[in-house]
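Being a predicted model, the structure only gives us computed values, none of them experimental.
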Amino acid sequence: MKTDSTRREILRDGGLVFTTAAAGLLSAKAWGRQEKEPPEPEVTATEDMMREHGVIRRALLVYAQLADQLRKAPGAVDAAALHKTAQLFRTFGEDYHERMLEKQHIFPIVRKMKGEAAKYPDILIAQHQRGREITDYALAVTNAPKISVNHGEPLARVLEGFVRMYENHAAREDTIVFPAWKTNFSNKRLDELSDQFEDIEHKMFGMDGFEDAEKTISGVEGTFGFADISQFTPPPPPPPKP
């Protein structure tokens with residue numbers, strides 16, 4: 001009887017030690033899970049296209065903000081920074097986003113679809129071409145230490161037209177064309193296309209063309225004093241008249 005009692009005590013104490021050790025191990029694993037950063041969600045193909053539009057729109061905002069200065073005192077506008085903006089639009093916006101992604105992968109599929117989206121690719125491609133002509137002009141007239149007085153008003157007018165065209169252009173792509181394109185694919189295929197788009201980006205720019213483009217436009221905004229967006233908050237509206 002005493003032997004059975006001793007055996008039960010040993011089993012009980014051993015089980016307690018094992019349970020305590022196991023609990024400690026599980027707790028350590030749980031703590032490790034808490035400490036480890038959760039994996040970053042993968043950027044989808046459509047999200048990637050839209051965030052690239054964000055860089056393009058920021059370049060357009062620089063153009064829009066400089067129009068009045070170009071009219072009043074073109075020589076005071078930093079020609080090198082404006083040239084860098086146009087060069088970014090050429091390499092990241094036109095050569096990569098428009099030509100390598102939209103023209104080759106998005107528009108051919110949307111053009112064959114039924115519905116409103118199918119009417120847009122031909123219009124958008126024509127606007128891409130006009131945009132390239134405008135970028136050629138902007139690069140030419142800013143490729144000097146100072147912008148000539150003779151170029152001030154024409155450049156302002158051309159950039160304003162460019163901004164107006166692209167505001168409508170990108171808005172239709174984000175709300176009509178890209179969502180329509182997305183409906184043609186399964187989630188698995190969209191993941192594969194995301195990887196394919198990323199490969200194209202790496203081949204053209206290195207590891208991350210978007211990050212480099214965002215840094216470039218941030219630097220341009222800093223040069224022109226546009227980095228603090230609180231300055232663009234408008235005053236409150238007047239009280240309505242009775």
Side-chain angles (χ1 to χ4, degrees), residues 37 39-66 78 80-110 121 124-125 127-140 142-143 159 162-163 165-167 169-175 177-179 181-182 185 187-224 226-227 229:
E37 288 291 331
E40 184 178 353
E42 185 176 355
V43 177
T44 64
T46 48
E47 181 187 353
D48 208 18
M49 299 289 287
M50 289 178 181
R51 71 174 187 163
E52 288 165 9
H53 271 181
V55 171
I56 291 170
R57 284 190 167 103
R58 286 168 68 177
L60 294 171
L61 288 169
V62 169
Y63 288 164
Q65 286 297 122
L66 292 177
D78 190 317
L82 186 52
H83 189 85
K84 184 180 289 187
T85 308
Q87 189 62 55
L88 175 66
F89 209 101
R90 168 56 47 84
T91 57
F92 187 78
E94 295 170 348
D95 291 344
Y96 166 62
H97 178 87
E98 293 178 356
R99 182 171 286 175
M100 300 300 295
L101 301 187
E102 292 181 343
K103 189 174 181 180
Q104 293 190 27
H105 296 275
I106 310 294
F107 295 163
I109 292 174
V110 174
L124 298 173
I125 288 175
Q127 290 185 337
H128 286 175
Q129 180 55 38
R130 182 54 46 83
R132 294 187 73 86
E133 294 167 4
I134 291 172
T135 300
D136 284 341
Y137 174 75
L139 288 169
T142 58
N143 193 26
L159 293 181
F162 190 38
V163 171
M165 178 185 78
Y166 235 102
E167 283 176 343
H169 180 107
R172 297 311 191 281
E173 288 182 336
D174 286 347
T175 59
V177 176
F178 295 164
W181 173 80
K182 183 180 178 181
F185 306 102
N187 288 337
K188 180 181 179 182
R189 179 57 182 148
L190 284 171
D191 284 342
E192 293 171 351
L193 286 166
S194 297
D195 293 339
Q196 187 176 348
F197 287 4
E198 188 175 357
D199 288 342
I200 294 170
E201 182 180 350
H202 289 173
K203 286 177 183 177
M204 289 194 67
F205 301 109
M207 288 305 295
D208 197 323
F210 170 78
E211 286 189 359
D212 289 344
E214 198 281 327
K215 287 177 183 177
T216 298
I217 195 61
S218 291
V220 168
E221 291 164 342
T223 297
F224 286 120
F226 301 152
I229 65 170

Looking only at heavy atoms, which two atoms of Ala86 and Tyr63 are closest? And how far apart? CA-OH, 3.2 Å
Measure the shortest side-chain to side-chain distance between Ile125 and Gln129 over non-hydrogen atoms and say whether it is less than 4.5 angstrom. no
Who pairs with Asn143 by side chain to side chain contact (heavy atoms under 4.5 Å, CB included), at least two apart in sequence or on another chain? His83
Is there side-chain contact between Thr44 and Asp191, with heavy atoms separated by less than 4.5 Å? no
Ignoring hydrogens, what is the shortest heavy-atom contact between Gly209 and Glu201? Give both atom names and the distance. N-OE2, 2.9 Å
When you check the side-chain N and O atoms of Glu102 and His97, is any donor under 3.5 Å from an acceptor? yes
So Arg99 and His128, do their side chains get closer than 4.5 Å, heavy atoms only? no
Set out, in order, the CA-CA distance, both residues' side-chain angles and the distance that settles side-chain contact (heavy atoms from CB on, under 4.5 Å) for Val55 and Leu88, then state yes or no. CA-CA 9 Å; Val55 171; Leu88 175 66; 4.2 Å; yes
Between the CD atom in Glu47 and the CD atom in Glu52, the distance rounded to the nearest 0.5 Å is 11.0 Å
Look at atom CZ of Arg189 and say whether more than 12 heavy atoms of other residues, nucleotides or ligands are closer to it than 6.0 Å. yes
Would you check if Asp78 and Leu82 make a side-chain contact, meaning some heavy-atom pair closer than 4.5 Å? no
Should the ring pair Tyr96 and Phe92 be called parallel, tilted or perpendicular, given that the plane angle runs from 0 to 90° and is split at 30 and 60? tilted
Are any non-hydrogen side-chain atoms of Ile106 and Glu173 less than 4.5 angstrom apart? no
Main-chain N/O of Phe226 paired with Gln65 side-chain donor or acceptor, under 3.5 Å: no
Separation of Phe107 CZ from Leu124 CG (nearest 0.5 Å): 4.5 Å
Presence of salt bridge, Glu221 and Arg58, under 4.0 angstrom: yes
Aromatic ring proximity, centroids under 6.0 angstrom, Phe89 and Phe162: yes
With sequence neighbours left out, the residues meeting ring pair (Phe, Tyr, Trp, His ring centres under 6.0 Å) with His105 are Phe197
With heavy-atom distances below 4.5 Å as the criterion, would you say the side chains of Ile200 and Gln104 are in contact? no
At what distance, to the nearest 0.5 angstrom, does OG1 of Thr46 lie from CZ of Arg51? 11.5 Å
CA sep, side-chain torsions, deciding dist, call: Met49, Asp174, side-chain contact (heavy atoms from CB on, under 4.5 Å): CA-CA 8 Å; Met49 299 289 287; Asp174 286 347; over 6 Å; no
Side-chain contact, heavy-atom cut-off 4.5 Å: Leu159 with Leu66? no
Would you check if there is a donor-acceptor pair between the side chains of Glu198 and Ser194 at a distance under 3.5 Å? no
Evaluate Gln87 against Thr91 for side chain to side chain donor-acceptor pair (under 3.5 Å), listing each step before the verdict. CA-CA 6 Å; Gln87 189 62 55; Thr91 57; 5.0 Å; no
If I take atom CE from residue Met204 and atom CG from residue Asp199, how far apart are they, to the nearest 0.5 angstrom? 13.5 Å
One thing to verify: whether Asp95 and Arg132 come together as a salt bridge, which I'm taking to mean a side-chain N less than 4.0 angstrom from a carboxylate O. yes
In this structure, CD of Glu94 is separated from CD1 of Ile134 (nearest 0.5 Å) by 9.0 Å
How far does CG of Asn187 sit from CD of Glu192, to the nearest 0.5 angstrom? 11.5 Å
All ring pair (Phe, Tyr, Trp, His ring centres under 6.0 Å) counterparts of Phe178, not counting sequence neighbours: His53
